[in-house]
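The structure under discussion appears below in the form of structure tokens.
Ligands are counted one by one from 1 in listed order, and the atoms in each one are counted from 1 as well. These figures come from a predicted structure and were not determined experimentally. Throughout, residue positions are numbered sequentially from 1 according to the sequence presented.
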Amino acid sequence: MSENGTSRGISRRRLLGGAAAAAAPAAIGLSGLLGGRGPATESALANGAPAARGHAGHGEFPHATFAAGPSVDHRANGFHPTELLRDFDYGTTRRLASGRVVREWEIVAHDKEIEVAPGVKYEAWTYNGRVPGPTLRAREGELLRIRFVNASEHPHTMHFHGIHPALMDGMPGIGERRGGGQIERGEAFTYEFDATPFGLHLYHCHVAPLAAHIARGLYGAFIIDPKDGRPEADEMVMVMNGFDTNFDLANEVYAVNTVGFHYINEPIMVDRGGPVRIYLVNILEYDPLNSFHIHGNFFQHYPTGTSLQPSEFTDTIIQGQGQRGILELEFPFDGDYMFHAHVSEFAELGWTGFFRVGDPSRLSPAAAAAAYCELPWGGGKA
Ligand SMILES: [Cu+2]
């Protein structure tokens, strides 16, 4: 991160912190320590989030996060973060006379209200009605065709990371005369390119204002498997995202796969000793960095997934926006293991979850949560 970027970030938060102090001196507490998240959080609460409250034993500092409450309405959202984890969209395939595989998808952009934390609604823009969009998965060397239909009220594109010609880049201003570039409401365009290089990539809208189009939910993971695949594992996709629910260019809710705290309410079930492979993508807007940390374990890290040799054995990685990596690990012991952003502020605003290994009766999430005093609803005592 540049020194410039750092100082800009701090001054934005100091500015917000100053506003908080002026508007609500009694509510500074933790929000002051958080560098000015206060007013944004207050606005999120005004938007319908459950009330923030203190934590027994640390009562003088109210926690500027979400209290316990009912889960979000996954049915109304039309997607479920637990199912979304292992939902890979392979499209449809056919073979050309040459023997080459053509893999095809249809992706439709829709505007849609979603619930990103209990009671917190957000006017999202979606690919195929979900945030993140479908995890598109192909194999190195195939020919890919993605027919994009814009049924949103706004112009959009699909910009893929990968190696492809300019016309297929989903960039406004490039290719309009050939039907591409910016795809207006009611228009459609088919992106076509080779699946290369193998690795973990992403796609997102590239229409300006870019941060707004991405932050609204127009993004997804894009996996190109190596020709010979990877070893068997329990595979899952985690897209680290956030939501600026009051449109003040700062996020109020942070998450993996959209719903804050979802994997606390429903820990991710994994087998003891079985290899787990996580496809981790950071698409967070308005914050320069995100991170992933796991408790009680270490993982092999393959940055961008473009090598079959890991570059690092660690328990924490940092990703800038658009960065991604593959994480491989095994859980040697039964129990509940927390994973979260190692930016504590993000963790307290939703980016926190658990892996549950082995016999689920051994530890309940409430028991595990009680051991962690910074949980949003006060250590599982609600
Ligand atoms: Cu867009």
Side-chain angles (χ1 to χ4, degrees), residues 77-79 84 89 91 105-116 121-136 144-162 164-193 201-222 237 239-255 257-259 281-288 290 320-324:
N77 276 354
F79 58 89
L84 206 144
D89 187 340
W105 295 269
E106 180 167 277
I107 305 291
V108 183
H110 291 286
D111 302 344
K112 181 178 178 180
E113 185 185 77
I114 60 173
E115 192 178 6
V116 297
K121 302 287 178 63
Y122 183 73
E123 293 292 336
W125 298 343
T126 72
Y127 289 125
N128 285 6
R130 43 173 273 179
V131 180
T135 297
L136 305 184
L144 309 184
R145 286 198 186 122
I146 305 100
R147 177 176 147 81
F148 173 57
V149 178
N150 187 2
S152 160
E153 293 299 308
H154 310 270
H156 300 300
T157 70
M158 290 184 79
H159 161 73
F160 285 84
H161 288 220
H164 49 243
L167 177 62
M168 298 302 158
D169 197 42
M171 264 302 296
I174 300 177
E176 269 80 355
R177 274 187 288 176
R178 296 169 65 186
Q182 182 162 303
I183 311 302
E184 302 296 335
R185 170 186 166 192
E187 289 184 347
F189 181 71
T190 299
Y191 300 96
E192 178 176 313
F193 47 83
H201 311 308
L202 68 154
Y203 62 90
H204 57 84
C205 178
H206 218 296
V207 170
L210 185 54
H213 278 249
I214 292 176
R216 287 280 191 152
L218 290 170
Y219 46 77
F222 170 39
V237 173
V239 177
M240 301 191 287
N241 54 1
F243 296 91
D244 173 15
T245 58
N246 59 355
F247 304 104
D248 66 348
L249 308 183
N251 295 302
E252 283 73 59
V253 174
Y254 293 84
N257 296 338
T258 302
V259 177
V281 177
N282 178 32
I283 194 63
L284 185 66
E285 277 292 350
Y286 309 125
D287 289 281
N290 208 330
Q321 196 201 35
Q323 273 192 302
R324 61 274 183 194

*Is the Phe189 ring parallel, tilted or perpendicular to the Tyr191 ring (thresholds 30°, 60°)?*
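Taking Tyr191 first and then Phe189, their aromatic rings stand perpendicular (interplane angle over 60°).
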*asked:* The criterion is salt bridge (charged side-chain N to carboxylate O under 4.0 Å, His left out); which residues satisfy it with Arg145, sequence neighbours excluded?
replied: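 Testing Arg145 for salt bridge (charged side-chain N to carboxylate O under 4.0 Å, His left out), a comparison that skips the adjacent residues, returns Glu104, Glu192.
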_Glu184: salt bridge (charged side-chain N to carboxylate O under 4.0 Å, His left out) partners, not counting sequence neighbours_ =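 Salt bridge (charged side-chain N to carboxylate O under 4.0 Å, His left out) check on Glu184 returns nothing, list empty.
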*Between Phe247 and Tyr122, ring centroids under 6.0 Å*: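 Ring-ring flag for Phe247/Tyr122: true, centres closer than 6.0 Å.
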*Can the ring centres of His161 and His204 be said to be less than 6.0 Å apart?*
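Ring-ring flag for His161/His204: true, centres closer than 6.0 Å.
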*Only pairs at least two apart or in different chains count here, so list each side-chain hydrogen bond (donor to acceptor under 3.5 Å, both in side chains) that has a residue in residues 170-179.*
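Qualifying pairs, neighbours excluded: none.
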_the Cu ion (ligand 1): protein N, O or S atoms [distance under 2.8 Å]_ =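 Protein N/O/S atoms under 2.8 Å of the Cu ion (ligand 1): His156 ND1, Cys205 SG, His213 ND1.
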